[in-house]
Each structure stands twice: as C-alpha cells, then as structure tokens.
Protein chains: 2
Amino acid sequence: MTTETGRAAVEEILARAAEEGRSTLTAPEGRAVCEAYGIPTPPESLATSAEEAVAQATEIGLPVVLKIVSPDILHKTEAGGVLVGLRNAQEVEDGYATILSNAKAYDASARVTGVQVQQMLTSGQEVIIGAVTDPSFGKIVAFGLGGVLVEVLKDVTFRLAPASTGEALSMVDGIAAAEVLNGVRGGEAVDKTALADVVHRLSRLVTDFPQLAEVDLNPVLATGDGATAVDVRILVDPAAAAEPVRFSQDEILTAMNRIMKPAAVAVIGASAEDGKIGNSVMKNLVNGGYAGEIYPINPKAAEILDRKAYSSIADVPGDVDVAVFAIPAKFVPAALEEAGAKGVAGAILIPSGFGETGNIALQNEVLAIARDHGVRILGPNIYGYYYTPENLSATFCTPYDVKGGVALSSQSGGIGMAILGFSRSAGMGVSAIVGVGNKADIDEDDLLTFFEHDDNTELVAMHLEDLKDGRAFAETAKRVSAKKPVVVLKAGRTSEGARAAGSHTGALAGNDRVYDDILRQSGVIRAPGLNDLLEYARGVPKLPTPKGENVVIITGAGGSGVLLSDACVDNGLTLMSIPDDLDAAFREYIPPFGAAGNPVDITGGEPPSTYRNTIALGLSDDRIHSLVLGYWHTIVTPPMVFAELVVDVVEEFRRKGIHKPVVASLSGDVEVEQASEHLYAHGVVAYPYTTEKPVAVLGAKYRWARSAGLLP
Amino acid sequence: MTTETGRAAVEEILARAAEEGRSTLTAPEGRAVCEAYGIPTPPESLATSAEEAVAQATEIGLPVVLKIVSPDILHKTEAGGVLVGLRNAQEVEDGYATILSNAKAYDASARVTGVQVQQMLTSGQEVIIGAVTDPSFGKIVAFGLGGVLVEVLKDVTFRLAPASTGEALSMVDGIAAAEVLNGVRGGEAVDKTALADVVHRLSRLVTDFPQLAEVDLNPVLATGDGATAVDVRILVDPAAAAEPVRFSQDEILTAMNRIMKPAAVAVIGASAEDGKIGNSVMKNLVNGGYAGEIYPINPKAAEILDRKAYSSIADVPGDVDVAVFAIPAKFVPAALEEAGAKGVAGAILIPSGFGETGNIALQNEVLAIARDHGVRILGPNIYGYYYTPENLSATFCTPYDVKGGVALSSQSGGIGMAILGFSRSAGMGVSAIVGVGNKADIDEDDLLTFFEHDDNTELVAMHLEDLKDGRAFAETAKRVSAKKPVVVLKAGRTSEGARAAGSHTGALAGNDRVYDDILRQSGVIRAPGLNDLLEYARGVPKLPTPKGENVVIITGAGGSGVLLSDACVDNGLTLMSIPDDLDAAFREYIPPFGAAGNPVDITGGEPPSTYRNTIALGLSDDRIHSLVLGYWHTIVTPPMVFAELVVDVVEEFRRKGIHKPVVASLSGDVEVEQASEHLYAHGVVAYPYTTEKPVAVLGAKYRWARSAGLLP
C-alpha cells in the first residue's frame, strides 16, 4: 500500500500535530499525508513570498489557486484566504498580498506559514471521498458525487475501512447517480478504477492511522484518465483509535455451546408460587421437556416442582452450566459472585432495573463480576431464551415446541413476544428464540457465531436497535451469511439523522445510511419491517436456493400477472426474457388468446391440466430458475385442486432432483386460505389476497443467494 | 392570461407552420409563442448578415450566443449551428461566418433564415419546464432541475394543464431536490414564484393551443428576481388536440342509478344447468335476496329457478333496467340490439372474447350498438357486480351479504376474487364490488360519480391498470375525494418506462411518474400493493377523521415504540413534540423508569390501569389528535383484558363526543389475534405481529384528510 518512507512521513506529521496539540492538519500536511499513501493531489508548493509564489506558479503552470496556510485559520474561505483562477504573474503577485492582508484582518494573531500555490484543475467530475470514525462501526469510508445536488439528495455510499479495490468500485457504482460517471449527454466517462483506488488508499490510511478521526477529500476531480484530490481536510483525535474488547471465535463458541446446550441449569429465585417469574421459569423448564438437571435455588424452600431446592448455587452438588436469574436487580451482584465461583458459563439476567432504567452503574458492576469469573451474561432485562433441540425454554413466557431451522433474537421483549406468537400461529419451526435486552455482554455476533456452527439452524433472524460493536457484527455476519441467510430488522431507522460532525463526510454519515450499506456489504438481508422479518424467516428456508436469475410468472389472472410483475421489479428480480422456442412450448398448453411471454397468462377459465402442464414446463426447462404462480379461483380449478396439483408436480420434480423456488399468490374466495396453507406446508411459499408477500420472500432468497456467491 | 394580440400571434405562427407542413417551430417562432404568453426569453434578434449580427450583439449586450435558424435543421448543435460565449465584435463576426459554413457542410440544401443573436445569461439555476400530451391525461406540464444529475435521477413533477399558480408552485416545491432552489451552501435562493408563473403560463398556452404537442423550455434560468426561458423547442401535431367524448354528470348518474339499483334484471342466457354461468348468475340473483323482478331469457326453457323464462328480452312484459349477458361473445351484438330496443339502462357483459383476446372489432361493434340505444356497457370480460343495499349479486361468483360502506372495483377478475375473499375473511362491510374488465364503456369515473352520491358508500377502493380518460378520472376523483376517501391501486407501475418522445419532457414523462403525481393532485390515496388496497379499504372508514397532525404513541414495549416511530415517519405522520405539562401528566401514570416524551413508554410490567389512564389522557387532551398503541402481552395485562379496556375507554370518550383515530399493534402469543379482532370490530384498527400495518392505515387516513382540506 505504502512504503516505509510514506508511513514514516505520516507518523512525523501526526507527531508534530500532537505535539502542538492540534486537532486539524494544515493543507500542506494533508496533502503530504495523501501523497504518502499514493493519493494523487494537484501540483503545488508553499510560497513564503510573492516572488516565490510567482516563480512557483509559472513552474506549476497557470492558472493557479492560492490558499493561506496557517495552523490558526481553520476556515480559509471565510478568512478571505483562498483566491482561484489567477491567470498570470501579476495576478499571482497581487493575490499573495491580498491573501496576507485578508488573513491579518481576519485574525491579527494568526501564525502564517505561507501561501499554498496549487495548479487549478479546470475540468473533471467533482466527487467527494471521505473517511469518518463511526461509534459502532469504527473506520468507514464514504463516496459520493460532489456539488449541491448530492448534498441535498444525500446520494452517498459507505463501507467499512479497509475497503478492497473491488469494494471501493462497488461504492463508485453504488450511488443512485452512478450513471453520471459513465458519461451522459456527451460528458466524458471518468476513470472509475482511479476513483476506487483513491477510496481504497484512503481506507488503508485511516486503518493504519486510526487517530485520523475524519478525512474529507473534497472535491476529488475525476477525469477520463485519473482522479486528483484537490482539497484535503483532516481532523485528528487520539480517542478515535480506541477498539472494543473482543472474544475469539473459540472463546465465544465454547461459552455459547454450554449456554445453548447446558447439561444443568440453576434457577436463582425459583419459586413455588404461581405468577412469580421464578415459578414460570421452573414450569417452562420442566414442562418444556428439558432433559438436563434443573436446580431450583431458593433459601426458603425445600423443594420446588418436586425438585430439591438449594439455598445457594454453591450448595448444588454437580456442575452448573447456566444460571437463570429470577431475582430483583439489586440482589444480582451477590448471586452472580456465587454463580461465578460455581463456574457457570452463562448468567441469564431476566430482571430489569439496569441500564434501561438509567442504572448503568449496577450494570457495569455486574459485568465486572462476570468478567472476573469468565461468565458470559445474557441480558439483563430479557424474557430469557429458547433452544428447541434441547427442549430448553429458559423463560417466563410460555414454552415453544415446534422444532425447525429458524433461529430468532430480539433486543426488545415486546418484539420477542411477537416472534413467539407469530411462530406459534404460523407453526414456524424454530431452533432458538433469544432475548438480548440490554446486551451488557452477549450480543448478536456471539449468537451468530453459535448459530453458524449449529446444525439445527438454517437461518438467523434478528431484531436490533443498535450494535455495540458494529464492526464485529459486520465481520461475523459476512462470514455466517456466506453459509446461512441472516435477516435483520434494524429498528430506529428514522429516529436519528446526521450526527454532529466536524467534517463533511461526518455530516453525511447519518446513522441509518451507514447501517444500510454495511449490512448489505455483510450479506445481511435487511427486512423493512417486523412482519417482513417474520415472513422472511418463515419463508426463506422453505425455498431451495435458485440456480440463476431467470424468474417466470405463470398466472391464471392477467391482473395478478401485472401486479406480480410490479412486485418482481420492486424486489430486484429479473423477469426472464422468454426465448422463442420456450414461448412456443408454453403456447402448446395455453388457449390461443392467452399470452405467452412473461408473465405466461394461461387465462382464467382453464382446467387443472393447464396449470400443471405450464408449471411442469417451467420446472423442467433449465433456463428457468424460479416460478411465481398467480392463481385465480374458478369453478373449473377450485383452490384445493390447484394447491394439490402444484404440490404434486413440484414434488414429482423434486424426486427427479430438480429443486427450484416456487412461490404463489392466490386470488379467490376464502377457500384460498386453506389452499395457501397446504402449499406452504409443502414448500411452496403461498399467500392469499396479496401479490406482494410471496414475491418479497422470493426476493429475500435471491438477495441472500447473490451475496453468498451462489448465483452465477 | 394573454391578450387578443398574443393569441393572434400564436395562431399566425401555427397557421404558417401548418401551411408548410412542419411538425416543429423554429427557435424565433418558439420564442415568439412564449412572448405572446408572457414567458420571459432573453433579449435576442435575427441577423441575416455578419454586420447585422455585430450591431445586434452590441445593442443586446455581450457576451452573446449565435444559433442557426433553419426550418430544415432540427438538431442545431449537431450541425455546428450553435456558438456560445462570443465576447466581442470580432468573435461575433467570425462566428456568423463559421455557423453558416457549418450549416452548409451539414446540409447543403438546408434553407437558412438567418442567425439568432441571443444574450448569453451567465448565472442562475438551470431548470427544465415542459409540456407534453399524455395519451390518458391529455395536456400535462412538467418541472425539474436542469442538468445531468436530474436527467439521471429523474427528479421531475407533473400536473394536469392548465395548472394554477398555486399548483405550479407545489410542483416547484415538490421535486426531491427542491432545497436547491432555496439556496444551499451560499447559493442564491431563486424566485420560485417566477418559476411557477412560467409553468402556469405554459400550461395555459398548451391548453389554448392543443396542437402544441410537446414544448421544452430547456433550460429556464432562474435567478433571485426572475426566470428566463433560454431555449424553446416546440413540436406541433394537430392530432394532439383530440379530446375524448364525455357524458355529463347527470347522464352518468341517471344511467348508473338504474344500473346499480335496478327494478328489474334480465339474464340473457339464463340456464337451469348447474355449472353454466347463466345458471350461477340466476342463483346468485335469487339466493342473494334481490327483491326486484328477475327475468330469465332463454329460447329453449319454459322456466328457470321457478321463474318464467322468455325466449327474447323483447317478450318481457314490464320494463327492464339491466340485462346481464351470459352468452358467448359472438351472440352479444344481436342480443344487445334487442336489449337496447327494450330500453335497458345497462348491459352487463360477462363474456370474454372481445378486446382482451384481440377482437377489438367485435368490441367496437357492440359499443356502437349500445351508443345507438343509449345503453351503458359494463365490461365486457367481467365477473359482474354486487350492490349490497339492493341485495344484488349480478355475478357468476358467490353472493356477498356483509353490508357496509366500502365500494370496490377491479379491472381484473382475478383481483375481483381477491377482493371478495378478503372481504369475506375479514368480515368487511361492502356496498359494492364491480368488475370493469375491458372498460369498453363504463369506467372508474362513472363509478366514482355514482358512489359520490351513494349514501351507502363511505369509501371507494379501485384496482386499475390504465385509465381510458385519465383527465376525466382525475377531475372526478378530485371532486369525490373531497367528500369520501378514494383509494387506488395502480397496477403496471413498473412495466412501462419512458415513452418514445420527440422532446426532453416527453422522455421524462414515464407512465408511472405521471400517474403518481396526478393521482396525488386528485386527492387519491395510492395503495402500494393489493394487500394495502384491501387493508386501507377496510380500515380507513373505521377511523374518525383526525382534527390535527399530532400523533402520540403509547406503548408497553419500548421495542414496539421504536418500530412504531419508524412507521410514523415512513407514513408521513407527525410525532407530537410533547409539551412539559403534558409530559408531567403522563408521568403521573407511568413508573419512574418509564419514558414520557413520544413514544410514551409505560414499560412492560404495568397493570391495565396504566394503559387505561394514559390512553384516557391521550383522548382527553385537545392537543393530541391521534393515538398509536403498542401492546405487550404480559400476565398482568393479558391480551383480551387490554382489548376490552381499550374499547371501553374509547367508547367512553365517544359518548362524550370525543372521536380520535386510535390504532394498535399487538405483540404477544396467539391470543393477541382474537384481541386484535375485538379491537377492530369496535373501531380500533388493530393488528397482531406487525407494527407497520396499523400505522399505514392511519397514514392513509391522514393523507386523505389533508387532501380533502379537513386538517388545519
């Protein structure tokens, strides 16, 4: 990336700035930092007299820009310290004098290092490239078009630093107005590789020197054969280099395995009294069918639910993996000391009254105790957790026993209850439901790491409001989502705007924009709302992974076909352009006034055989990768007849080893509800009265397959 | 708008162009047309010699632009016919010669009228203002920012012409990048009134002269004190002046009243044989409880379903209002002649085999017969229609009998069946369900006009794929939506891109963009998808009209509160900023660690009284206009307890005359489904497992209330 010399040059500049207690670098320093990392800047030099300025301008080539250089003048333009478009020696000479007198008038005490003489670039597309330190994600880089419109329309992309050249290129291509860079209306196409290279180099720079808190290269001028950072602005902050503490993957796995698959669970605050949380937890463990040891801890009881009770966890004869806390917050520290001494792997802190009520001190105290003993904390302020392969319902809610491949987590108890109710109502097979609450310790990337290696889990769906360590999450999610779909509902999208920031890039880095880009970069499927999270979780694992982008709609109702096409486009799906021979093959089965093409409109009055034949064709032809079905309720093909024939033909092809995603939208009287359920139960994601939902689930599957590199 | 002289000037120019068989106006003609309507253009004149050009340039003021004027050169720039930035007499003189020689080289046979000498405006914000003839809406005007970015980002607004100055101003403020016009980063704020005035004047111009098929004012330069159309491009086309035939409101109402509330219905092709469409229609009429006369028409039967059958409608003894056709397409013309002669008001054409299968000739033939007899046609290619106040199920589908205030229509039979199934499943009270199919005659604006005056209808929901006469629809919808909400699902949003067009404005006028702007201008609530259409139809009439914008969220689950806030912002709702006294009042009822503010987070463990007290406060305080409730299932306040207390307190306030919209999102185990139904049945729009849907319905209500002028 850079030479030792380059690195040393940056170090020297930063040392000087630190020594002088500065939080900004001067323009020549900024330029030198860029040059050290191979980021092109315009020819320039520093003049300390008018004569020097004229000589340098002549050498660099006119026209030039003159800029004041002073460690005390931050806003150069405001101070009258910038003159552009100086075309000859006289203008440069006069300009030097003007800048110096303006600076004196602005701040008589400002130290003046000199005047920067810079070649004035007169053509090229203005872009902005920057880096900023995000409180959750750490170093991130930004790319956008320069100028007023982009500031207004906020058309910017972000990535974690360091960003590879490929990632950087995806940023350049990822802005809404990317077409501008390809040259529109006779404009020159710019060298996007050169732009990506600048992004990449800047991302390395801030990674190597984390004290570079914010960097603006604004504007960068891009032409057909290069990109030059015309103006450089750098804020330094030693605190920006702080990194969160992280556990290794092995440490996480060892602890999480004991927590999710415990051999013994203690319930601290177990109770025999109905309505108490400690009673509900006991009942759920026992009635849920958990086969491990269950130890009620209660100094005032001899036995609870026919199990011998212990007055302290210290008295339990065997080892204990998990301690579930069902006692008031204030008693947690003492009990956690005992549990830690006993060697538990996980403390499940159900009680509230910690950080969420402002009692951060208590939360920190509890975390310190846990760290002392090598205990991981789940919570506090949670409903508990479920892990169905172990029949484990360590919660005060009701047990859940429909086993399956979906693991869910929620930051909020309310959302956890919605997950539970939806799952039960839809009969969704679940491996785990986990409340993470205040996330004093265990957070989403710990869970992801466990689910990654958990053979019982096929998909992970997470509700979250923030990420303690967004970088760790992004890295973990990237690794996990290459194997299993990870769906995320990020709440609080709209509550936070741009943060207060000292740089332009910082001001653009509104919270949700950064989350959106980085979650996508991590291969995460982002759900727009709670219901989408739940439907994606339910539907995505039902569908086989498509082998290509070609989607074909087969519909009995032309009207549904139009709406399904809309939905395909909305969800980024590719409506296959049907080749002539395939078109002819479809026409064999449909009435003459039906429409082949895509959608294939078989028309409304058709018998079951027409649905069957066209669907079979869609499944058998290798060029088609996914089917979207639109059903129209008629007397000739009633809902259950349709549902059964679809299941029949799909299963027939599965037996032949042909697995393609098939989703369906059913339009009709209430019988379509039962028909949809029948289809869903057999792996065809089907909904009544909506053309949007089945296509949205298919779209989620495609988004995952693409980011996991499973599509050509 | 313009003087008689101005109008005459335009007439003369158009007459000359017509005489010469031209489809474009020259630049000086375009300029003259603009001037006639008071649209400012830069000082300019026509030079026919280099000396004249120099003299004119000196008088107008340098720098100037020179442009070739030739009826044979359409693409001036391509022909080397434009030179900009000529700064002195010499440059103008040379430029004149250059342009003439370029023109000759480009097309030796081109007639050259001369060279346009135009003042070069060197500052100002570039915008584009244009007019185009839309196939459905007729004359429409467009406004957008000029330049590459807007072309790429397609940030343009449209309105029907003529557009008032107020409407035009809403266009100027309605683009995404509107902030640019207010001056950002030190840029000058432009005179938006002057821009709106240009839009307004252009809209009058194309209304007065409909043969002006497409007009580009591109760019218009806007400054702090005016707006000038720098370049004018006009395409003329006499065919662009064609207007569709329209019925008067009285004519529509008279016919529609007889059709929707008939005293007698004849079924042409009535049958006694199960499975026949003519049998289903008879059964649905009889079993649906229709109390008027039912006449089966069938030459081969004596009676059908115990009703005397007639061999022809001509034989029916009394008057007949409606004839339902259940015969193959080819027999329709003859039968329609008879029905017309009998004096029916409406012919309900169920059969397919007309325009939708390419048989446009037959459809036109049938329409001509109907027009001859003053019969209105519904269809062809439809399932029929329902009007529940008359117990009328004139359809081959199953009867529907849950009466209520929602009228629905669909262009597609498949969507009609989804409407029927959803309505039955949700128990939605319906006044009418109407299939419009091919819309050979009766279309959405006929239905709207009937529903407008129908006391049984409170809301109209329509699925449509196109509008035969978009202008008539827009005007009718504007009138009706001021009284009753009109919800529209426009299908085919994404299937059509920009149309082929000779002008820049035409190329920008992609189908859906125009629909979106004009539907909004008409006060229509646009549903993004089928399920939204149905949920808005069901929910919007349940909610009272809010009296102001202040929405307050009261939630038991902090997590739901965050998601509900997201949904409020997504739906354009205003989260009330809670005044201190109100904040204090809420705090009276919630735990100390709960959060007042908005959302009001009462926390999860609270008893029913906390929900009750805070909701009662929300209903009683005049400053709060709507409530969004987030429920979290707990043992302390189970789902049905919550539902009953909410209904109780809402009804208590209703008795006091206080009606505010209340919607709810319920998070919990499956019991929340029943609780949601109970709430919905009592006028609280509630859903389980989703924070998005209840807020979307409230958002739809607000959109309607705002556009109907019911909010301050």
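Residue numbers start from 1 in every chain, and the chains themselves are labelled A, B, ... in the order their sequence lines are given, proteins ahead of strands.
- Between B:Asp669 and A:Met417 the shortest heavy-atom distance is N-CE, 3.6 Å.
- Annotation for A:Gly414 and B:Ser667: closest pair O-CB, 3.1 Å, computed over non-hydrogen atoms.
- Top candidate by heavy-atom pairs under 4.5 Å with chain B, chosen from A:Gly413, A:Pro592, A:Cys397, is A:Gly413.
- There is no contact between B:Gln411 and chain A, counting heavy-atom distances below 4.5 Å.
- Between A:Leu563 and B:Ala491, the closest heavy-atom pair is CD2-CB, 3.5 Å.
- Interface residue A:Leu489: only side-chain heavy atoms are found under 4.5 Å from chain B.
- The number of heavy-atom neighbours closer than 6.0 Å to NZ of B:Lys276, taken from other residues, nucleotides and ligands shown, is 12 or below.
- Both the backbone and the side chain of A:Ser560 come within contact range of chain B, with heavy atoms under 4.5 Å apart.
- Considering OG of B:Ser280 and CD1 of A:Ile635, their distance stands at 4.5 Å, rounded to 0.5 Å.
- Residue B:Glu673 comes nearest to A:Ser425 through the heavy atom pair OE2-OG, 2.5 Å, listed as atom of the first residue, atom of the second, then distance.
- When each of B:Gly529, B:Gly668, B:Cys568 is scored by its heavy-atom pairs under 4.5 Å with chain A, the top score falls to B:Gly668.
- Here B:Gly559 is the residue among B:Gly559, B:Gly353, B:Ser412, B:Ala557 with the most heavy-atom pairs under 4.5 Å with chain A.
- Comparing B:Glu179, B:Glu692, B:Lys693 by heavy-atom pairs within less than 4.5 Å of chain A, the highest count is held by B:Glu692.
- We find the CG-CG distance between B:Asp512 and A:Asp566 to be 8.0 Å, quoted to the nearest 0.5 Å.
- When every heavy atom of A:Glu465 is checked against every heavy atom of B:Val562, the shortest pair comes out as OE2-CG2, 3.7 Å.
- Between atom OG1 of residue A:Thr690 and atom CG of residue B:Leu534 there is a gap of 9.0 Å, rounded to the nearest 0.5 Å.
- With a threshold of 4.5 angstrom between heavy atoms, A:Glu671 does not approach chain B through any atom at all.
- With hydrogens and angles disregarded, a donor-acceptor distance shorter than 3.5 Å links the side chain of B:Asn531 to the backbone of A:Tyr689.
- Of the two parts of A:Val670, the backbone and the side chain both hold a non-hydrogen atom closer than 4.5 Å to a non-hydrogen atom of chain B.
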